[in-house]
Amino acid sequence: MQQRADYLVIGSGIAGLSFALKVAAKHKVFLVTKANEDESNTKYAQGGIAAVWNDADSIEKHVEDTLNAGAGLCDEKIVRKVVTEGTQRVKELIELGAKFDKAQNGEYDLAKEGGHSEHRILHYKDVTGNEIERALISQIHKHPNITVLDHHFAIDIITQHHLGVEVNSKTPGIECYGAYVLNTRSYKIETVLAKITVMATGGAGHVYATTTNPKIATGDGIAMVYRAKGHVKDMEFVQFHPTSLYNPVEHPSFLITEAIRGFGAVLKTLDGKEFMQKYDKRGSLAPRDIVARAIDNEIKIRGDDHVYLDCRHLDRKGFIEHFPNIYNKCMGLGIDPFLKMIPVVPAAHYLCGGIIVDENSRSTINNLYAIGECACTGLHGANRLASNSLLEACVFAHIAAEHSSSSIDKIKFKDNIPDWDAEGTEQAEEMILITQSQKEVQQIMSNYVGIVRSELRLQRAFDRLEILFKENEALYEKTVVTPKLCELRNIICIGYLIIKHARQRKESVGLHYMVHYKE
Ligand code: FAD
Ligand code: SIN
C-alpha cells in the first residue's frame, strides 16, 4: 500500500509535533509514531526548558554556560543561534497553550540546574514535558492538514538504494523519498512517499541496561540514517543523569530531577557524608558529567550500590508544591523525603551525538531533515547543559520548517518505488533470540562503555557486539519484521557507533572519560 504526503514526520515528541504544526498551514503532513501518540522522551521531561527570560540573565551568560558544559566542542555559532532564538520559541509554546509555573509576583518561576549561572529554567511543577506534549498534541488534533498515524513503526527510509542503485557514505546526492512503515495494528508494511522526510525519533537510552528513557528510545532514526549512508557524529558523548531513583526492579529508571539539587538537596554517601566538594567547588550543582563520574567513583571505591540525595532539610511545603510527582513516587515506595534520604544512581539519559545536520537542520541526505535529540546540531558539544534539549528541539523545528517550506514546492514525488519485499521471510521461531540479544547489548554497553571507559573495555565491547551484529543480520534476513527485531537491529547499530566514535577519540573530554587520558 502506498500513501503520499508533502511531509513525512517520524516521531511525536516536542521536535516532530512542533515541526508539523509549523508546516501544516500550507502542506499535508503525515506524522508517524511507533507507540501511543504522546509516548516520547519529551513526555517525561521534568526540570524544564532553559531560556533567557529576564534582565538578571543575558544571552551572553546562557551562551557561556552552554559552551562551558560542552567542554570546548560546541559550535559557538549554533549555540548563539539557539540561545538567541530560544526565548521566542518558548513564547510560542506558551501561545500554543503550554503552562509554566509562576511565582507569587506573577512572573515565571525560574529554576536553576547544574552548570547554569542563573535561574532560567521554565517549568511546570516537575512534569514540564508532559505539559508541553499535552499542549502540542491538542493543537495537532485541531489541524486538518495533519494525519497522525500512531502505532506505526518506521523501519527504513527509502533512497536510490531501493531502486537498485548502489550507494555508499561517499555517494553524492543520496535522496530520501519517504519511508517503509510497519502498521503495528494490521502488521502491514506501508510505503509512505514524501517530498520531505523529517527524522524526529529522539534518543537511544535503551542501548544501556539502566536508563531514564521510556522504551521507545532505541535510536531508530539515527540507525535508519546510518544504514542509508547518511553521516552521524559525536556518538561517544552519552550523558548519564547523576540521579535516577535506585530501584533495581523498575525499568526504565525514574528520574529525580536536577532541579531538586537546585532547590538545595545534597548528595551523600551511605554513611551520610557529603562528597561532591572533593570533586568540584560547585558541589552537588556541578555539571552532570562531573557529578555522574563522582557518584560512579564513590560507588566503586566504597562497593555500594547507590548514593543518597538528602532532602530532609528542605522546606516541605515548597518541595511538595514544586516536585509533586517525585514526592508521590517516593512516598509510594515508602521513602518519605523528609524522614529518609532518597537512594540514587546515574542512568543513561541523553545522546549528544546523532545525525549530522547543517544550520538549517538538513542531514547529509537530500530532502531529509533531522531535529531534536536524534540530530547533532553542534549545540551540546561534549556535554549537554541541563534543560537545553527541549529548547534545541523547538528552535530547530522552527528553522527546519522555514527552510524546507521554501523549497518543497520544487520537489517531486518519486515514482516507481517498490513496495517492501518480504519474500523469503518467516515468522520468528523464538522470541528469546531477540530478547536475550537485547539484554546482551545493554549489558555490554553498561559494563564496558559507560561513564568511565578504557581501550581494553572498548575493544571487548566491540568484539562482543560484532558477534551479536552478525547473528542478528542473519536473523533479520529470514524473519518477518517486527518492532522488537528492528529495535534490536537499531540498538546494535547505535552501540557500534558509540564504540567506534569512542575509540576514535584519543582524549578524555566532556562525557567521554577514558581512564588513561587526563582531561
Ligand atoms: P522524543 O520526545 O523522544 O520523541 C521521539 C518520538 O519518535 C517518539 O514519539 C517515538 O515514539 C518516535 N519514534 C522513535 N522511533 C520511531 C520509529 N522507528 N518509528 C516511528 N516513531 C518513532 N530535556 C530538557 O531540556 N529538560 C528536561 O527537563 C528534561 N528532562 C528529561 C527527563 C527525562 C526522564 C528524559 C528521558 C529526558 C529529559 N530531557 C530533558 C531530554 C528531553 O526530554 C529530550 O531530549 C527531548 O524531549 C527529545 O525530544 P524529541 O522530540 O527529539 O524526541
Ligand atoms: C532534569 O530534570 O534533571 C533533567 C533535565 C535535563 O535532562 O535537561
Side-chain angles (χ1 to χ4, degrees), residues 8-19 31-51 111 113-116 121-124 126-130 132-133 136-137 148-157 179-182 184 198-205 211-224 239 241-244 252-262 288 291 323 325-326 347-352 354 370-375 380 384-394 396-397 483 486-487 490:
L8 167 62
V9 179
I10 308 177
S12 57
I14 185 171
L17 296 173
S18 304
F19 179 92
L31 193 150
V32 305
T33 190
K34 68 178 174 179
N36 291 342
E37 61 183 0
D38 66 343
E39 190 57 355
S40 57
N41 275 5
T42 302
K43 182 179 171 184
Y44 300 92
Q46 293 187 356
I49 183 163
E113 290 178 358
H116 287 273
I121 323 277
L122 287 101
H123 62 98
Y124 179 72
D126 55 354
V127 287
T128 311
N130 192 49
I132 293 175
E133 191 73 17
L136 292 175
I137 284 187
V148 178
L149 301 169
D150 62 353
H151 295 274
H152 278 63
F153 186 103
I155 303 169
D156 266 320
I157 59 165
Y180 291 116
V181 177
L182 171 66
T184 57
V198 180
M199 206 55 89
T201 45
T211 176
T212 61
N213 294 188
K215 66 178 191 223
I216 51 96
T218 47
D220 300 352
I222 301 170
M224 280 187 251
Q239 185 169 73
H241 197 290
T243 57
S244 78
S253 306
F254 181 82
L255 183 75
I256 305 289
T257 178
E258 195 158 305
I260 286 201
R261 278 174 280 137
R288 329 198 138 145
V291 183
F323 309 112
N325 185 33
I326 291 173
H349 182 64
Y350 184 85
L351 185 58
C352 293
I371 50 177
E373 190 168 338
C374 68
H380 308 306
R384 176 183 66 108
L385 184 66
S387 290
N388 261 359
S389 44
L390 293 172
L391 186 72
E392 179 192 42
C394 49
F396 274 96
C486 293
E487 285 178 346
N490 292 336

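Values below: every heavy atom of this structure, side chains too, minus hydrogens, waters and symmetry copies. In each ligand, atom 1 is the first atom listed, and ligand 1 is the first ligand listed. Numbering of residues begins at 1 and proceeds along the displayed sequence.
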- Message: Out of all atoms in ligand 1, which are within 4.0 Å of some heavy atom of Arg384? Include the element for each.
- Response: 23 (N), 24 (C), 25 (O)

- Subset of ligand 1 atoms that lie under 4.0 Å from at least one heavy atom of His152: 19 (N), 20 (C)

- The protein heavy atom nearest to atom 8 (O) of ligand 2 is Ser387 N, 2.6 Å

- Query: Using a heavy-atom cut-off of under 4.0 Å, does the side chain or the backbone of Gln46 touch ligand 1, or both, or neither?
  - Reply: backbone

- Item | Which segment of Ala200 sits under 4.0 Å of ligand 1 when only heavy atoms are counted | backbone

- Item | Test item: side-chain donor near acceptor, His349 and Thr212, under 3.5 Å | yes

- Message: Counting only heavy atoms closer than 4.0 Å, does ligand 1 sit against the backbone of Lys43, its side chain, both, or neither?
- Response: neither

- Item | Part of Arg288 with heavy atoms under 4.0 Å of ligand 2, whether side chain, backbone, both or neither | side chain

- Note on the structure: Atoms of ligand 1 under 4.0 Å from any heavy atom of Gly47, numbered from 1 in the order shown, are 28 (O)

- Task: Report, in ascending order of atom number, the atoms of ligand 1 lying under 4.0 Å from any heavy atom of Asp220.
- Result: 15 (N), 16 (C), 17 (C), 18 (N)

- Query: Short list, please: which atoms of ligand 1 are under 4.0 Å from a heavy atom of Leu390?
  - Reply: 23 (N), 24 (C), 25 (O), 26 (N), 47 (O)

- With a 3.5 Å cut-off and no angle check, do the side chains of His380 and Gln239 form a donor-acceptor pair? no

- Under 3.5 Å between some N or O of ligand 1 and some N or O of Gly48? yes

